[in-house]
Amino acid sequence: KHADQEGTPPIIRVSWMYWVDDGVDEKPTDWYGYDDEAGGAVEAKFQEWLHSREDALGRILAIRSGYFSYDVDFTNMRQTNTRTGKVRKVR
């Protein structure tokens with residue numbers, strides 16, 4: 001840290017990813033990063049879930065990313081496409 005940054009917490013960049021194993025869009029099986037907009041939305045909802053004063057277990061939060069809409073279950077680290085029902089792992 002520089003002297004002028006004493007006491008300033010470090011900036012941490014978070015990258016959310018989803019698992020593809022069904023060849024969608026001809027993608028090989030692997031983890032894929034969300035685009036910046038969707039990743040930011042997932043992180044904001046994760047922080048909401050993490051710091052919730054309510055019982056966080058079992059809470060499923062809605063995420064919108066452009067055309068797509070997902071229900072994200074952070075307890076089980078899964079997302080479900082609300083239109084197709086497709087479930088994918090997230091991390």
Side-chain angles (χ1 to χ4, degrees):
K1 285 186 175 180
H2 298 287
D4 60 341
Q5 294 179 337
E6 293 262 338
T8 303
I11 296 172
I12 299 171
R13 178 155 168 79
V14 175
S15 294
W16 281 92
M17 304 180 92
Y18 59 94
W19 179 250
V20 172
D21 62 357
D22 59 359
V24 68
D25 296 331
E26 300 181 19
K27 291 180 179 177
T29 297
D30 204 351
W31 288 99
Y32 290 87
Y34 286 92
D35 65 30
D36 288 342
E37 177 188 349
V42 172
E43 179 60 16
K45 290 293 186 176
F46 179 72
Q47 290 300 321
E48 177 185 323
W49 174 82
L50 190 63
H51 298 291
S52 173
R53 290 192 172 103
E54 301 171 23
D55 175 23
L57 292 177
R59 286 190 66 212
I60 296 175
L61 301 171
I63 303 283
R64 284 197 155 277
S65 175
Y67 174 77
F68 299 102
S69 180
Y70 302 97
D71 289 333
V72 180
D73 174 354
F74 291 114
T75 301
N76 296 302
M77 297 302 283
R78 301 275 189 268
Q79 73 173 26
T80 303
N81 183 306
T82 59
R83 186 177 58 80
T84 66
K86 177 67 181 174
V87 178
R88 295 190 188 282
K89 297 177 195 175
V90 297
R91 66 177 187 187

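Keep in mind that the numbers below use all heavy atoms, side chains included, and drop hydrogens, waters and symmetry copies.
Residues Tyr70 and Asn81 share a closest heavy-atom pair of CD2-CA, 3.7 Å. Residues Arg13 and Asp36 share a closest heavy-atom pair of NH2-OD1, 3.5 Å. The minimum heavy-atom distance linking Arg91 with Trp16 is given by the pair O-CE3, 3.0 Å.
With rounding to the nearest 0.5 angstrom, the CE atom of Met77 is 12.0 Å from the CE atom of Met17. Put simply, CG on Asp22 and CZ on Arg88 are 4.0 Å apart, with the number rounded to the nearest 0.5 Å.
Remark: Glu37 engages no residue in a side chain to side chain donor-acceptor pair (under 3.5 Å) (not counting sequence neighbours). Legend: residues meeting side chain to side chain donor-acceptor pair (under 3.5 Å) with Arg78, ordered by chain and number and at least two apart, are absent. Residues satisfying the side chain to side chain donor-acceptor pair (under 3.5 Å) criterion with Arg83, sequence neighbours excluded, are Tyr67. Checked against side chain to side chain contact (heavy atoms under 4.5 Å, CB included), Ser69 has the following partners two or more places apart in sequence or in another chain: Arg64, Thr82. For Asp35, there are no side chain to side chain donor-acceptor pair (under 3.5 Å) partners at least two apart in sequence or on another chain.
Val42 and Tyr32 fall within the same hydrophobic cluster, defined by Ile, Leu, Val, Met, Phe, Trp and Tyr side-chain heavy atoms under 4.5 Å apart, directly or through other members. Residues Val72 and Val20 are members of one and the same hydrophobic cluster, defined by side-chain heavy-atom contacts under 4.5 angstrom among Ile, Leu, Val, Met, Phe, Trp and Tyr.
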Q: Go through the steps for Trp49 and Asp73 under the test side chain to side chain contact (heavy atoms under 4.5 Å, CB included), then give the verdict.
A: CA-CA 10 Å; Trp49 174 82; Asp73 174 354; over 6 Å; no

Q: For the pair Val90 and Tyr34, evaluate side chain to side chain contact (heavy atoms under 4.5 Å, CB included) and give the outcome as yes or no after the intermediate values.
A: CA-CA 10 Å; Val90 297; Tyr34 286 92; 3.1 Å; yes

Side-chain donor/acceptor pairs under 3.5 Å, residues 23-31, sequence neighbours excluded:
unit_1	atom_1	unit_2	atom_2	d
Lys27	NZ	Tyr18	OH	2.7

